[in-house]
Structure formats: C-alpha cells, structure tokens
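The structure appears below as structure tokens.
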Amino acid sequence: MYQEAADPVIQGLDEPCPSSTCQNHVATSMLTATRQSLSDHTIGKDPQAARTGQRQNRGMRTRLGCLSHKSDSCNDFTAILPDKPNRALKRLSTEEATRWADSFDSLLSHKYGVAAFRAFLKTEFSEENLEFWLACEEFKKTRSATKLASKAHRIFEEFVDVQAPREVNIDFQTREVTRNNVQEPSLSCFDQAQGKVHSLMEKDSYPRFLRSKIYTDLLTQTQRRLS
C-alpha cells in the first residue's frame, strides 16, 4: 500500500504555500518528483493501487499551482478571451465584473466571467472541472438522437471514466450512475455528475478565484477606465 507519509516530496507539500514570486523551475521539479514518486509506488500494483496513486497525483496539482510559472494576473485572463483583449476590457463594466461575486452562477452566466474563471483554474491545474461543466451544458442542447449517444460517450470517455484524459473528481457511486446513464443516454444523463462538479467548484475554487489577482486586477482595470 502506498504510504504518503514516507515520501519527503509529499511531506514537503504540507508546508505553507510559497508566495507568488516562486520560480517556475521549483514547481516543475516538485511536480515531476511527485509524479515519479507516485509512479514508483503504483508500478506493478493492482488497478486499485494505481487509481489511488492517480488520485493523489491529481490532489497535488492544486497545492503546486501556487508554484506555477503562470502569473495569476489579468494577463492570463485576456490571453483566452472570446474577443480581442482590448475590445473585451472596454466592453466589460465594473458593475458586470462586480456582479460575478454575487453568486457562482452569476459568474458562469457571463462569457467573460467564464474566461476569467478558466484562466484562474489553469493556474491550479483544475480547468477540467469547468470544461466538463460547459460540455454538459452544451450536451443538453442536443436535439439529434443519433448525436446524443455519440456526444454522451465522448464526454464520458474524456471526463468521467477512470483514468480519462481530463478526469473530474467525483465519487465512485456518481461515476457508476453516470456510466449506466450513458448506456441509454438522455439529456439528463450527466446531471448528477455535473451537479457534483458544480458544487465542488462553487465551494472550493470559486472563493479562491474571488481573492485571486486575475479577478482583483480585472476589477482595477475596469475601475481605472472610469477615473
């Protein structure tokens, strides 16, 4: 069985998170060492041990996010805006950006809010949660019965299945319920999994986003235009 306490790399992650001035090579070396350590513990083990190591690996990403070379600034947001950055910032009002703090759903209902939140999640290596939620929203718009099945299997294989390329963090029961739903897909077959991921983002990532430089810098820029 994998013993987390015996690994000095993982023990080191219990220390307070370094400041945003940490260098990129620190994050890279720690992430590489962590992945190697987890790999060493799971090679040759049964599938359950491998899945345990994989979950622990994913669990390190958020902690290592503060060591990333990404600056967690407004520049990260403007780099992936649906419009040209200057035009988007001119269109976005302080009132609109402030409203994102009213509720998580207010943030998700605004295309620039989604872009800013995606940029923030990238700094935490957890953007798959938002991408899954958005994929489910798009899936619900499907009107073709033939496309419904293919889309459902594609979303399941990309986000929900064990060891999926962008596997989201949901419990075993929800995963299996979704697996069964996909066998006879309907527009609601991802509702339980989507709800769990929405709740996770709302309780965990969203409060940190509101305190992030991406969001505070964005507010500052919109306010500066009024002065």
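Basis for what follows: all heavy atoms, side chains included, without hydrogens, waters or symmetry-related copies.
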If only atom types and distance count, is the side chain of S103 paired as donor or acceptor with the main-chain N or O of S106 below 3.5 Å?
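Yes; at least one donor-acceptor contact below 3.5 Å.
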Is the side chain of T178 donor-acceptor paired with the backbone N or O of T174 at a distance under 3.5 Å, no angle test?
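Yes, because the side chain of T178 sits within donor-acceptor range (under 3.5 Å) of the backbone of T174.
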Show the numbers, then the answer: is there a side-chain contact (heavy atoms from CB on, under 4.5 Å) between V197 and F159?
CA-CA 11 Å; V197 170; F159 296 103; over 6 Å; no
Over 60° means perpendicular and under 30° means parallel, so classify the ring planes of F190 and F139, tilted if in between.
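Aromatic pair F139/F190 classed perpendicular.
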Measure up the Y206 and F104 rings against each other and bin them: parallel (under 30°), tilted (30 to 60°), perpendicular (over 60°).
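Correct class here is tilted.
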Closest approach of [X] to [Y] (non-hydrogen atoms, all atoms of both residues):
X	Y	answer
V114	L108	CG2-O, 3.4 Å
R208	D204	NH1-OD1, 2.8 Å
P185	A149	CG-CA, 3.7 Å
S205	E124	OG-OE1, 4.1 Å
L148	S186	CD2-CA, 3.9 Å
L92	T222	O-CG2, 3.6 Å

Output the distance between atom [atom1] ([X]) and atom [atom2] ([Y]), rounded to the nearest 0.5 Å.
X	Y	atom1	atom2	answer
Q192	E176	CD	CD	11.5 Å
S199	I170	OG	CD1	13.0 Å
T123	L121	OG1	CG	7.5 Å
L107	Y112	CG	OH	14.5 Å
C189	Q194	SG	CD	10.5 Å

Are more than 12 heavy atoms from other residues, nucleotides or ligands located less than 6.0 Å from atom NZ of K140?
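It does: K140 NZ has more than 12 such atoms within range.
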Count the heavy atoms belonging to other residues, nucleotides or ligands that lie under 6.0 Å from CD of Q173, then report whether that count exceeds 12.
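No, CD of Q173 has 12 or fewer neighbouring heavy atoms, counting only those of other groups under 6.0 Å.
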Do [X] and [Y] make a side-chain contact, defined as non-hydrogen atoms from C-beta onward lying under 4.5 Å apart?
X	Y	result
W100	L218	yes
F132	V160	yes
R118	L134	yes

Shared hydrophobic cluster, [X] / [Y] (ILVMFWY, side-chain heavy atoms < 4.5 Å):
X	Y	value
M201	L210	yes
V177	V162	no
L200	L130	no

Go through R99 and E96 one step at a time and tell me if the salt bridge (charged side-chain N to carboxylate O under 4.0 Å, His left out) criterion holds.
CA-CA 5 Å; R99 198 177 298 130; E96 287 177 310; 5.5 Å; no
So, applying side-chain contact (heavy atoms from CB on, under 4.5 Å) with D161, which one of R179, H153, E167 is it?
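When side-chain contact (heavy atoms from CB on, under 4.5 Å) is applied between D161 and each of R179, H153, E167, only R179 qualifies.
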Identify which one of E158, E128, E131, E127 satisfies the side chain to side chain donor-acceptor pair (under 3.5 Å) criterion when paired with R166.
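Only one of E158, E128, E131, E127 forms a side chain to side chain donor-acceptor pair (under 3.5 Å) with R166, namely E158.
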